[in-house]
Amino acid sequence: MDNRFVWATEDIYENTEAWEKEFEETGKDLDFSEFAGKLGDKKSFLACMKKQESVSRKIEKLSLYAMLYRDKDTSNSFYGALSAKVMNLAVKYESAVAFVTPELTALPEEKLKGYIEDKDLSDYDYMLSTLLKSKAHILSEKEEKLLAESGEALSSFIEIFTKINNADIRFEKIKNGKETIQLSHGMYGVVMRSHDRNLRKRAYKSYYKSFENLLNTITSTYYGSVKKDVFNAKARNYGSTLEMALATEDVTKDVYDNLINSVDKALPLLHEYMRAKKKELGLKKMYMYDIYVPTVENAEIELEYDDAYNLVIEGLKPFGKEYGELLRKAHDERWVDVYETKGKKSGAYSAGVFDTHPYVLLNYQKTTNEVFTIAHEMGHSMHTYFSNRTQPYAKADYKIFVAEVASTVNEVMLVNYLLSTAKDNKLKKYLLSYLLEMIRTTLFRQTQFSEFEQYAHETVEKGEPLTKDGMSAKYAEINEKYYGDAIEKGCEVRYEWARIPHFYRAFYVYKYATGITSALAIANRILTEGEPAVKDYFKFLSSGGSDSPVELLKIAGVDLTKKEPFEAAFKTFENALNQFKNL
């Protein structure tokens, strides 16, 4: 592999020996006993916070380096061991500082309020204000320490699934005329967009057969993950895992309810889109393996990686010169690991810590979807970059709730740029189809996932077991509700839940849906208002975790406690659908 398409991990540590040296040094710096019982003293509190920051920053760097190498080859046990070592170190650190939160919440309310208002402690004002809100859910020092020490064992389920999904699963080879295609996660996505229906059908059935063969193991793994979520919620005196997930993000339940209710109300629009797509494809019967194929042939954007990256830079020009220069810097200085290789983690992500630039994982293929993936992941990276540059460490890390906003704004801006520059109706129709698919897969589909996730957690909360048959039947039922009568009922989609890695991070997926809702509103404002909207957006990008994510979104002009942003998102979908049908 050409080195310019591979991560510059030397920007974190020169080599593994340097990693080992910092690992050893950090392991010797985990004694926080000098601060125990003294956090009511401002000087001791500040010193404790500074030491926590120093150790935490080192652990984040250690973790990032190990993760990048592990994800480049998930079958490599050496880097898997590095990840395990740093995870163990993180657990020891969490155990060492387990006294901090209980001790702070035990302080008199007036003392905490005094800390919050003290300008010398301004880096910690939001952290302390959230502690006040969560006082009822903070346990004793002994209990907090026990939970911290159990963290390594309880976090193993996502690691197990990652191994199953990337290293252990076996995909068949598919014959396509004289050509033989080796199925993989990345190649499956390419084949599902093929106009060869027979190929799609065979690949679809073969792909899900691989998951069906591992269904007992995956069921046990996911059941364990859900039981872990339920245990943590009960241990912290929350009424449900959903309540805990929302509280952890400092998000009110009305936002979640607005999403679920708005999507449910808008499902007829999705059904209408599916009927329009069925008609456009000329199908008497439409199956799930038909829904990803572009409705317009020979309009796929097939670009080499460098050309695709340049197109993204061009499409994001409304953000200004600095943003474009940063995108170029990321390309030239190897923030991105570009191509699929054996054992590499599937999918795409952006990861960044305070003391390094962000890193992006891709598995690039020459498809339109992959061009948008570049825009998406670089949106994450820019959000991380601006937050780390602007905020102090204690406030730099933004909540997961807003993590998908900047990435999706980039996608919306790119599709609008391409629509504005398209010279023929065929390309316009293709791009409208892409916008419709973006909203379908992010707003509708992620909410669909969230409904399944809520079912799984509520089942365990009621003391009932999760079984492979029960989960598969429920998933099929929810899928039918979302796609309506335009899609034929089929047995393979019932296993789709078994391949979704985000289910191992409880109630993460709904944030994609609120993210695209916010992104559509922000992008539309930028396109109509110009520079004032861009300035507000950059204030949001630079705000990190300095306040509640719902409040931070208001800086960019989005209020998710109201129904208007959701209604506007579906209006965008409806308008695009009408244009698509008219063309």
Side-chain angles (χ1 to χ4, degrees), residues 189-190 192-195 269-270 272-282 290-305 307-319 327 348 362 364-379 404 406-446 512 515-528 568-583:
V190 174
M192 284 298 100
R193 290 170 177 80
S194 167
H195 287 279
L269 271 177
L270 180 58
E272 182 184 349
Y273 171 51
M274 287 294 103
R275 289 191 293 270
K277 186 160 192 174
K278 180 180 178 180
K279 180 181 178 182
E280 195 68 30
L281 292 172
D290 295 316
I291 69 173
Y292 294 99
V293 65
T295 50
V296 183
E297 290 191 63
N298 302 318
E300 183 85 27
I301 301 174
E302 297 179 356
L303 296 173
E304 296 295 340
Y305 170 69
D307 295 329
Y309 199 97
N310 289 335
L311 177 61
V312 170
I313 292 176
E314 189 67 27
L316 301 180
K317 271 190 174 179
F319 293 150
L327 289 173
L362 299 176
Y364 186 75
Q365 305 279 349
K366 290 193 290 184
T367 68
T368 306
N369 185 64
E370 294 291 301
V371 177
F372 279 90
T373 298
I374 295 170
H376 182 98
E377 298 306 335
M378 294 315 300
E404 297 302 329
S407 56
T408 314
V409 166
N410 277 12
E411 288 196 72
V412 176
M413 293 296 291
L414 180 57
V415 77
N416 274 286
Y417 166 75
L418 292 171
L419 278 168
S420 69
T421 56
K423 295 180 180 179
D424 61 61
N425 285 345
K426 183 178 181 180
L427 181 57
K428 284 183 180 178
K429 191 169 187 178
Y430 177 85
L431 292 167
L432 286 166
S433 174
Y434 192 90
L435 177 58
L436 289 164
E437 281 296 294
M438 185 194 304
I439 298 174
R440 178 188 73 79
T441 56
T442 311
L443 182 46
F444 287 106
R445 181 171 163 81
Q446 301 301 327
Y512 283 108
I516 193 172
T517 301
S518 303
L520 287 166
I522 290 168
N524 287 337
R525 187 175 171 225
I526 289 171
L527 291 168
T528 54
F570 293 119
K571 190 66 179 175
T572 298
F573 184 82
E574 185 177 17
N575 289 340
L577 178 56
N578 288 334
Q579 290 180 61
F580 173 81
K581 289 162 70 175
N582 290 335
L583 281 173

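Not measured: the values here are computed from a predicted model.
A distance of 9.5 Å separates CG in L270 from CZ in R275, rounded to the nearest 0.5 Å. Rounding to the nearest 0.5 angstrom, the gap separating the CG atom in L436 from the OG1 atom in T441 is 10.5 Å. Rounded to the nearest 0.5 Å, atoms CG (L435) and CG (L414) are 11.0 Å apart.
Checked against side-chain hydrogen bond (donor to acceptor under 3.5 Å, both in side chains), Q365 has the following partners two or more places apart in sequence or in another chain: E340. A523 is linked by a side chain to side chain contact (heavy atoms under 4.5 Å, CB included) to V412, M413, counting only residues two or more places apart in sequence or in another chain. Legend: residues meeting side chain to side chain contact (heavy atoms under 4.5 Å, CB included) with T572, ordered by chain and number and at least two apart, are I439, L520, N524. When the side chain to side chain contact (heavy atoms under 4.5 Å, CB included) test is applied to P294, the partners found at least two apart in sequence or on another chain are R193, H195, E300, Y430. Here N310 pairs with R328 under the side-chain hydrogen bond (donor to acceptor under 3.5 Å, both in side chains) rule; sequence neighbours left out. Every residue two or more places apart in sequence or in another chain that forms a side chain to side chain contact (heavy atoms under 4.5 Å, CB included) with K426 is listed here: V296, N298, D424. Remark: K366 pairs with E304 by the side-chain hydrogen bond (donor to acceptor under 3.5 Å, both in side chains) rule, at least two apart or across chains. Considering only residues two or more places apart in sequence or on other chains, R445 meets the salt bridge (charged side-chain N to carboxylate O under 4.0 Å, His left out) condition with E496. Partners of Y309 according to the side-chain hydrogen bond (donor to acceptor under 3.5 Å, both in side chains) rule, which considers only residues two or more places apart in sequence or in another chain, do not exist here.
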I'd like to know whether F319 forms a side-chain contact (heavy atoms from CB on, under 4.5 Å) with L327, so could you lay out the CA-CA distance, the side-chain angles of the two residues, the decisive distance to 0.1 Å, and finally the verdict. CA-CA 11 Å; F319 293 150; L327 289 173; over 6 Å; no

Taking it one step at a time, do L431 and L427 satisfy side-chain contact (heavy atoms from CB on, under 4.5 Å)? CA-CA 6 Å; L431 292 167; L427 181 57; 4.0 Å; yes

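Donor-acceptor pairing under 3.5 Å is lacking for the side chains of T408 and E411.
Nearest approach of G379 to A406, heavy atoms of both residues: O-CB, 3.5 Å. A pairwise comparison of heavy atoms in A375 and N410 identifies O-ND2, 3.0 Å as the closest pair. Residues S433 and Y273 share a closest heavy-atom pair of O-OH, 3.9 Å.
Within the structure, no pair that satisfies the side chain to side chain donor-acceptor pair (under 3.5 Å) test touches residues 412-422, not counting sequence neighbours. Residue pairs meeting the salt bridge (Lys or Arg N to Asp or Glu O under 4.0 Å) criterion with at least one partner in residues 428-441, sequence neighbours excluded, are K277-E437, E280-K429, E437-R440.
Annotation: side chain of Y434 is in contact with side chain of N369 (closest heavy-atom distance under 4.5 Å). In this structure, the side chains of E404 and I516 stay at 4.5 Å or more apart for every pair of heavy atoms. Between S194 and Y292 the shortest side-chain heavy-atom distance does not fall below 4.5 Å. A 4.5 Å side-chain heavy-atom check between M378 and V312 finds every atom pair outside the cut-off. No side-chain heavy atom of D307 sits less than 4.5 Å from a side-chain heavy atom of L311.
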Just list the side-chain donor-acceptor pairs under 3.5 Å for residues 573-583, sequence neighbours left out, or say none.
from, atom 1, to, atom 2, distance (Å)
N575, ND2, K571, O, 3.4
N578, ND2, E574, O, 3.4
K581, NZ, E272, OE2, 2.6
N582, ND2, N578, O, 3.1

